[in-house]
Amino acid sequence: MLKKQRTFWLGSQSPRRHQLVGYLGLTWYTAVAEVDEDIIDIPDPAQNVLARARLKGEALRQQLPLGEDDFLVTADTTVALRNELLNKPATAGEAREMLHRLQGRWHQVHTGMVVYHGRGGAVREDICTTDVLMRSYTDEEIEAYIATGDPFDKAGGYAIQHPVFQPVAGLTGCYLGVMGLSICRLGSLLKAMGVLLPMYQYEAIKTAHQEYPCAL
């Protein structure tokens, strides 16, 4: 009897995470957890995102038709300035305030990841933390960036990969973690759970870091 092919699920509606998991050389299906993330009120930013990822994962693990050898990945990202969480801005005013506060300063980006093996199998978790230095952009640049609409689905109100705004001056950690999912860490979690990744994916992941050396 032929063994059932593994199915890989990404529990996220983020187009950036959809793009990033593609670098692993696997075929992914997507699903969105209908949960109230605001019930997570853990003050520690790193533990907060891990708890949010876990909340989404536990809900989807019961909802999806997971076979015993299928995998589900969930994640959550936040920006922290001196341990204060800066999540997605709801208004232009909130985006403007966040970008002014981050301007020319170091902060941390935390991404929590959870990998589930089947409905009742192993679970592995990880937190990717990257130190990020923002450049000294101008008020005019902030307004032009807000006008694009890009900040409103981004923690901290910015995307490191935005081709025009280009807000980041430097970082220590993982560029892809700042985008929303450290494929380096996720690949390691999957390998530890018995998933063999295609060899070509390593060069693809290196290229995806946009010449920022990954310190993980």
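Computed from heavy atoms alone, side chains included, the values below leave out hydrogens, waters and symmetry copies. Here the structure is a predicted model, which is why all the values come from computation and not from measurement.
- Ionic pairing of R6 and D70 is not present here: no N-O contact between side-chain nitrogen and carboxylate oxygen is shorter than 4.0 angstrom.
- The shortest non-hydrogen separation linking V35 to A59 is CG1-CB, 3.6 Å.
- Linking Ile, Leu, Val, Met, Phe, Trp and Tyr whenever their side-chain heavy atoms come within less than 4.5 Å puts L10 and F71 in one cluster.
- Heavy-atom contacts from other residues, nucleotides or ligands closer than 6.0 Å to CD of Q13 number 12 or fewer.
- Nearest heavy-atom pair, C128 versus R185, reported as atom, atom and distance to 0.1 Å: CA-NH1, 3.6 Å.
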Verify side-chain contact (heavy atoms from CB on, under 4.5 Å) between R101 and E84, making sure each step is shown before the conclusion. CA-CA 11 Å; R101 293 182 65 190; E84 178 186 351; 2.6 Å; yes

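- Here L186 contributes atom CG and K191 contributes atom NZ; the two are 12.0 Å apart, rounded to the nearest 0.5 Å.
- Here the side chains of W9 and T7 are in contact, with some heavy-atom distance below 4.5 Å.
- Residue L72 is not grouped with residue L26 when hydrophobic side chains (ILVMFWY) are merged at heavy-atom distances under 4.5 angstrom, including chains of intermediate members.
- Note that CE of M134 is 11.5 Å distant from CE of M98, once rounded to the nearest 0.5 Å.
- At a threshold of 4.5 Å between non-hydrogen side-chain atoms, the residues S14 and Q19 do not count as touching.
- In this structure, the separation between OG on S188 and CE on M113 is 9.0 Å, given to the nearest 0.5 Å.
- In plain terms, the two heavy atoms of G157 and Y145 that are nearest each other are O-CE2, 3.4 Å.
- Residue I183 is not grouped with residue L50 when hydrophobic side chains (ILVMFWY) are merged at heavy-atom distances under 4.5 angstrom, including chains of intermediate members.
- D153 has no carboxylate O lying under 4.0 Å from a charged side-chain N of K88, or vice versa, which leaves the two without a salt bridge.
- The neighbour count for E211 CD, taken as heavy atoms of other residues, nucleotides or ligands under 6.0 Å away, does not exceed 12.
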Walk me through whether D69 and H117 qualify under side chain to side chain donor-acceptor pair (under 3.5 Å). CA-CA 6 Å; D69 206 23; H117 189 189; 2.7 Å; yes

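- For Y116 against T74, the heavy-atom pair with the smallest separation is CE1-OG1, 3.9 Å.
- At a threshold of 4.5 Å between non-hydrogen side-chain atoms, the residues R124 and M193 count as touching.
- A donor-acceptor contact under 3.5 angstrom links the side chains of T78 and N87, judged on distance only.
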Does E141 form a salt bridge (Lys or Arg N to Asp or Glu O under 4.0 Å) with R135? I'd like the steps, not just the answer. CA-CA 11 Å; E141 288 178 300; R135 67 180 180 86; 2.9 Å; yes

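- The CD1 atom of I205 sits 9.5 Å away from atom SG of C214, with the distance rounded to the nearest 0.5 Å.
- Each of F8 and Y29 belongs to its own hydrophobic cluster when Ile, Leu, Val, Met, Phe, Trp and Tyr are linked at side-chain heavy-atom distances under 4.5 angstrom.
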Can you check side-chain contact (heavy atoms from CB on, under 4.5 Å) on L171 and I160, steps first, answer last? CA-CA 10 Å; L171 63 81; I160 188 174; 3.6 Å; yes

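- Using a 30° and 60° split on the angle between ring planes, F165 and Y137 fall in the tilted class, from 30° to 60°.
- You'll find the side chain of N83 stays beyond 4.5 Å of the side chain of Q108, heavy atoms only.
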Take Y158 and I142, measure what side-chain contact (heavy atoms from CB on, under 4.5 Å) needs, and give me the verdict at the end. CA-CA 10 Å; Y158 75 90; I142 290 176; over 6 Å; no

Quick one: do R54 and E125 satisfy salt bridge (Lys or Arg N to Asp or Glu O under 4.0 Å)? Show the steps, please. CA-CA 9 Å; R54 193 184 297 128; E125 304 176 339; 2.8 Å; yes

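- What you find for V49 and T77 is that their closest heavy atoms are CG1-C, 3.8 Å.
- Rounded to the nearest 0.5 Å, atoms CD (E58) and CD (Q62) are 7.5 Å apart.
- The shortest distance between side-chain heavy atoms of R96 and T91 does not fall below 4.5 Å.
- Checked by atom type and distance alone, the side chain of K56 pairs as donor or acceptor with a backbone atom of A75 at under 3.5 Å.
- Under the 4.5 Å side-chain heavy-atom criterion for grouping Ile, Leu, Val, Met, Phe, Trp and Tyr, L85 is not connected to V109 through any hydrophobic cluster.
- Nearest approach of L55 to D36, heavy atoms of both residues: CD2-O, 3.7 Å.
- Other residues, nucleotides and ligands contribute more than 12 heavy atoms inside 6.0 Å of the CD atom of E143.
- Here the NE2-CG distance, from H107 to D131, works out to 9.0 Å after rounding to the nearest 0.5 Å.
- Within 6.0 Å of CG on L196 lie no more than 12 heavy atoms contributed by other residues, nucleotides or ligands.
- Side-chain contact between L176 and H209: present, with at least one pair of heavy atoms (C-beta onward) separated by less than 4.5 Å.
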Audit row: V79, L102, side-chain contact (heavy atoms from CB on, under 4.5 Å) steps and yes/no: CA-CA 10 Å; V79 166; L102 293 170; 4.2 Å; yes

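- A heavy-atom distance below 4.5 Å is found between the side chains of L190 and L24.
- In this structure the side chain of V178 reaches within 4.5 angstrom of the side chain of V132, judged on heavy atoms.
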